[in-house]
Novice: 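Handing you this structure, nothing more for now.
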Amino acid sequence: MMNTQLEAKKTVSHYDILKRKIFQKEAVVGVIGMGYVGLPLAMEFASEGFQVIGVDVDAKKVETLSLGQSHIIDIPEVTIKDALQKKRFQATTDYQRLAQANIISICVPTPLTKSHEPDMSYIKDTVSRLQPVIQKGTLLVLESTTYPGTTRDLIDAEFEKVGWKTGEDLFICFSPERIDPGNKQFKPKEVPKVVGGMTEKCSALGQLYYENAFDTVVPVSTPEIAEMTKLLENTFRSINIAFINEMSQLSEQLGIDLWEAIDAAKTKPFGFMPFYPGPGVGGHCIPLDPMYLYWKGKEKNFFSRFIDLAQQVNTSMPKHVVEIASKALNKQGKSLSQSRILLVGMAYKNDIDDVRESPALHVYEHLKEANAQLTVLDPFVTSFRDASGEVIYPKPAVTDIAVYDAVIIMTKHSTVNYEQILATSSCIIDTRNVWKQQYAHVHKIGQA
Ligand code: SAJ
């Protein structure tokens with residue numbers, strides 16, 4: 001048989017074999033990164049009847065997962081135990097196990113470096129560990145949020161270098177994760193899944209794969225478009241949050257209750273989308289993702305003023321909260337220094353235990369610099385490190401509210417007794433609109 005016919009036969013065989021394996025749920029799924037993205041993804045495919053190999057470099061995470069314990073607040077232990085018991089999930093630190101995988105999703109962190117540039121070290125490390133073990137005919141999907149071009153430059157190019165032909169020997173896609181930690185309104189499978197392949201065959205296999213675990217799959221024509229889609233979503237969010245944060249500072253100057261204006265504006269059934277002022281923007285995504293887009297634009301000498309301004313406004317909010325607290329205490333003849341302050345909520349948003357990039361961490365540091373005496377109340381966060389590296393243990397509850405000169409509500413955890421705080425404290429700073437009604441002793445951002 002001619003070489004081209006052999007090649008053609010081999011191409012059809014890789015593609016067709018994988019297509020059949022996915023259809024028949026015989027495809028072994030590998031998920032690299034057992035974090036807030038990878039673990040829910042692994043559990044989705046396990047619950048759909050696939051064999052899933054969860055790989056993580058953190059031996060502790062692998063150990064707890066193998067015991068059926070969960071380190072991700074949205075994944076109950078029963079889900080993990082069920083997948084283990086049905087022998088559909090195994091956790092390991094051993095990349096060699098991925099030699100058995102027909103499909104591999106990469107869900108590793110894409111943080112920023114100290115100089116606010118994309119840190120691609122996790123992706124690069126993953127690809128270099130993966131290359132010696134991955135088998136030909138595998139579908140490889142990058143899910144980590146990143147700048148347009150990453151999949152092509154850091155993944156596809158690495159395999160092309162060793163003579164693998166994408167679309168024949170290997171199938172490569174980008175599919176952004178859209179996990180929203182703590183979101184009770186939408187289950188992960190109900191959130192449409194965007195996927196863009198390097199070639200048509202890559203896209204077709206990517207769609208087939210995700211159709212098993214997501215109600216809706218949205219194909220786009222290239223990985224760059226899929227990468228851009230995610231950054232567009234989160235940059236849109238960051239800019240709109242910054243806008244409303246700036247409007248909150250304007251409203252305070254004008255003596256207008258912005259929260260009431262937002263509630264009125266959102267009665268308009270079109271053309272308006274509510275965002276709410278806060279103490280700043282936390283989490284692993286919104287503070288970081290726009291900087292990936294900003295950095296990519298800079299490469300082309302394009303400096304996005306919106307992204308830059310949004311970062312400035314959002315990162316200025318923690319200091320603004322401290323200023324409000326300082327003015328409120330001054331009205332009682334007190335200063336921040338030596339005042340006993342209760343910080344309610346260290347997590348970056350309510351009812352989760354994640355403090356990454358939390359604005360409350362910055363407020364904590366500013367107050368510490370001002371020599372305030374700080375106590376943290378957070379029923380979800382068991383511990384966190386402050387800027388000096390000291391481990392701080394929040395109280396899950398407090399009863400002695402009256403002893404604090406001020407209480408600052410940073411995160412509106414649903415299990416906190418706000419009525420007790422309102423009745424007992426003489427000075428409250430509310431950054432989350434806990435109280436819609438105005439009280440003389442409650443100083444709310446976005447209100448005079
Ligand atoms: N925030 C405000 N005002 C708002 C909305 C949010 O101050 O009107 C603050 C929050 O308090 C939080 C930060 O911004 O500190 C981020 O909020 P978030 O709701 O975006 O929380 P994340 O980052 O955990 O979730 C997001 C997803 N959120 C939603 O779509 C609602 C989404 O942006 C991404 O799919 C996901 O992270 C991700 O992983 O990219």
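One-based numbering, in listed order, for ligands and for the atoms of each. The figures here come from the full heavy-atom set of this structure, side chains too, leaving out hydrogens, waters and symmetry mates.
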Novice: Which pairs of donor and acceptor atoms, one on a side chain in residues 41-48, lie under 3.5 Å apart (sequence neighbours left out)?
Specialist:
from: Ser47; atom 1: OG; to: Met43; atom 2: O; distance (Å): 3.3
from: Ser47; atom 1: OG; to: Glu44; atom 2: O; distance (Å): 2.7

Novice: Under 4.0 Å from any heavy atom of Pro181, which atoms of ligand 1 are there?
Specialist: 24 (O)

Novice: Please verify whether a non-hydrogen atom of Glu357 lies at under 4.0 Å from ligand 1.
Specialist: no

Novice: Among all protein heavy atoms, pick out the one at the shortest distance from atom 3 (N) of ligand 1; state its residue, atom name and that distance to 0.1 Å.
Specialist: Tyr276 O, 2.7 Å

Novice: Within a strict 4.5 Å, meaning less than it, do heavy atoms of the Trp295 and Met291 side chains meet?
Specialist: no

Novice: I want to check something: taking the side chain as every heavy atom from C-beta on, are Asp351 and Phe380 in contact at a cut-off of under 4.5 Å?
Specialist: yes

Novice: Quick one: nearest non-hydrogen protein atom to atom 37 (O) of ligand 1, plus distance?
Specialist: Cys285 SG, 3.5 Å

Novice: For atom 32 (C) of ligand 1, what is the closest protein heavy atom, and at what distance to 0.1 Å?
Specialist: Asn234 OD1, 3.7 Å

Novice: Does Lys60 reach the side chain of Thr64, with side-chain heavy atoms less than 4.5 Å apart?
Specialist: yes

Novice: Could you find the nearest protein heavy atom to atom 40 (O) of ligand 1 and give me its residue, atom name and distance?
Specialist: Lys230 NZ, 2.5 Å

Novice: Grab the two heavy atoms, one from Tyr209 and one from Ser105, that are nearest each other, plus how far apart they are.
Specialist: OH-OG, 2.9 Å

Novice: Considering both backbone and side-chain atoms of Thr145, is one of its nitrogen or oxygen atoms within less than 3.5 Å of a nitrogen or oxygen in ligand 1?
Specialist: no

Novice: Do Val194 and Arg178 come within less than 4.5 Å of each other through their side chains, counting heavy atoms only?
Specialist: yes

Novice: So, is Ile179 polar-close to ligand 1, with some N/O to N/O distance under 3.5 Å?
Specialist: yes

Novice: Determine the minimum heavy-atom distance between Val391 and Ser383, stating which atoms define it.
Specialist: CG1-CB, 3.9 Å

Novice: For ligand 1, indicate whether the residue Glu177 contacts it via side chain, backbone, both or neither (heavy-atom separation under 4.0 Å).
Specialist: side chain

Novice: For atom 21 (O) of ligand 1, find the nearest protein heavy atom and state the residue, atom name and distance (0.1 Å precision).
Specialist: Lys349 NZ, 3.3 Å

Novice: I need the contact type for Met410 against ligand 1. Using non-hydrogen atoms and a strict under-4.0 Å cut-off, is it side chain, backbone, both or neither?
Specialist: neither

Novice: Nearest to atom 5 (C) of ligand 1, what protein heavy atom do you find, and at what distance?
Specialist: Arg237 NH2, 3.5 Å

Novice: How about His284 and Tyr36: are their ring centres within less than 6.0 Å of each other?
Specialist: yes

Novice: Can you give me the closest heavy-atom contact between Glu252 and Gly446, atom names plus distance?
Specialist: OE2-N, 2.7 Å

Novice: If you take the nearest heavy atom of each of Pro279, Gly283, Gly280, which one is closest to atom 9 (C) of ligand 1?
Specialist: Gly280

Novice: Which protein non-hydrogen atom lies closest to atom 10 (C) of ligand 1, naming both residue and atom, and how far is it?
Specialist: Tyr348 O, 4.0 Å

Novice: Nearest to atom 13 (C) of ligand 1, what protein heavy atom do you find, and at what distance?
Specialist: Gly282 O, 3.5 Å

